[in-house]
S.K.: 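Right, I'll just put the structure down here and ask away after.
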Amino acid sequence: MRIRSTLGAGLVGVTLALGTMAAPAQASIPSWCSGGGEWSDGRSYGARCDVSFAYYARVSCTDGSTTKTARGVTTNDNRWSYAYCTSFGSGFRISGVGSPVRA
């Protein structure tokens with residue numbers, strides 16, 4: 001019985017730790033990004049803003065030893081722009097805070 005309790009607590013701890021690692025910190029949406037939204041899965045970052053001028057999503061990515069910046073397509077009018085860390089390789093993950101950027 002004691003082994004089951006210890007094993008169960010260990011699995012819960014691992015699950016919580018992995019869940020924390022998978023959800024990168026996200027910036028608050030800038031004030032100019034009215035009606036905006038963000039999305040992330042740990043490998044990609046998306047942003048949308050209900051504005052008439054151009055913007056794109058940007059996020060920092062790392063594979064442990066190399067850091068690069070991923071940039072999404074330039075868009076406007078509440079359309080999503082996605083920045084893909086995996087465009088640099090399958091080992092790249094979001095390492096920083098994503099944000100929509102005015103183009």
Side-chain angles (χ1 to χ4, degrees):
M1 191 64 132
R2 188 175 181 157
I3 294 172
R4 286 184 188 171
S5 296
T6 304
L7 184 58
L11 288 175
V12 169
V14 169
T15 302
L16 290 174
L18 289 175
T20 302
M21 289 175 15
Q26 291 184 347
S28 59
I29 298 174
S31 59
W32 58 261
C33 183
S34 65
E38 296 178 295
W39 176 88
S40 178
D41 67 358
R43 296 178 184 210
S44 305
Y45 169 78
R48 68 173 172 80
C49 304
D50 193 10
V51 294
S52 59
F53 54 84
Y55 61 91
Y56 60 89
R58 181 176 65 191
V59 70
S60 294
C61 309
T62 187
D63 71 349
S65 61
T66 305
T67 301
K68 297 184 177 190
T69 301
R71 178 184 164 162
V73 297
T74 301
T75 190
N76 65 355
D77 287 337
N78 212 24
R79 294 182 185 101
W80 285 94
S81 175
Y82 295 97
Y84 298 99
C85 289
T86 52
S87 65
F88 303 120
S90 62
F92 278 85
R93 304 283 189 273
I94 292 177
S95 63
V97 177
S99 178
V101 177
R102 287 180 84 152

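FYI, the numbering just counts along the sequence from 1.
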S.K.: What are the two closest heavy atoms between Ser81 and Thr75, and how far apart are they?
M.R.: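 Between these two residues, the closest heavy atoms are CB-CG2, 4.0 Å.
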
S.K.: Any side-chain heavy atom of Pro100 sitting closer than 4.5 Å to one from Tyr45?
M.R.: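 Yes - at least one pair of side-chain heavy atoms lies under 4.5 Å apart.
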
S.K.: Taking all heavy atoms of Ala70 and all of Cys61, pick out the closest pair and write down the distance.
M.R.: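 Nearest heavy atoms, Ala70 then Cys61: CB-SG, 3.8 Å.
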
S.K.: Using modelled atom types only, decide if a donor and an acceptor are shared between the side chain of Asp77 and the backbone of Arg79 within a distance under 3.5 Å.
M.R.: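 No, the answer is negative, given that no donor and acceptor are paired below the 3.5 Å cut-off.
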
S.K.: Please identify each residue that fulfils side chain to side chain contact (heavy atoms under 4.5 Å, CB included) with Tyr82, with sequence neighbours left out.
M.R.: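 Per chain and number, Tyr82 pairs via side chain to side chain contact (heavy atoms under 4.5 Å, CB included) with Trp39, Trp80, Tyr84.
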
S.K.: Taking all non-hydrogen atoms of both residues into account, name the closest pair between Thr74 and Ala54 and its distance.
M.R.: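 Scanning both residues, the minimum pair turns out to be CG2-CB, 3.5 Å.
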
S.K.: So, taking the atom named CZ in Phe88 and the one named OG1 in Thr69, what distance separates them when rounded to the nearest 0.5 Å?
M.R.: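 Output value for this atom pair is 7.0 Å.
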
S.K.: Hey, could you give me each pair passing side-chain hydrogen bond (donor to acceptor under 3.5 Å, both in side chains) that has a residue in residues 47-58? Not counting sequence neighbours.
M.R.: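 Passing the test, one end in residues 47-58: Arg48-Asn78.
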
S.K.: State, to 0.1 Å, how close Cys85 and Val59 come at their nearest heavy-atom pair, and which atoms those are.
M.R.: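 Closest approach of Cys85 to Val59: SG-CG1, 4.1 Å.
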
S.K.: What distance separates Arg93 CZ from Ser44 OG, expressed to the nearest 0.5 Å?
M.R.: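 It is 10.0 Å, given to the nearest 0.5 Å.
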
S.K.: How far apart are the closest heavy atoms of Thr62 and Thr66, and which atoms are they?
M.R.: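 What the structure gives for the nearest pair is OG1-O, 2.9 Å.
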
S.K.: Locate the shortest heavy-atom distance separating Cys49 from Trp32; write the atom from each residue and the value.
M.R.: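 For Cys49 versus Trp32, the nearest heavy atoms are SG-CZ3, 3.8 Å.
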
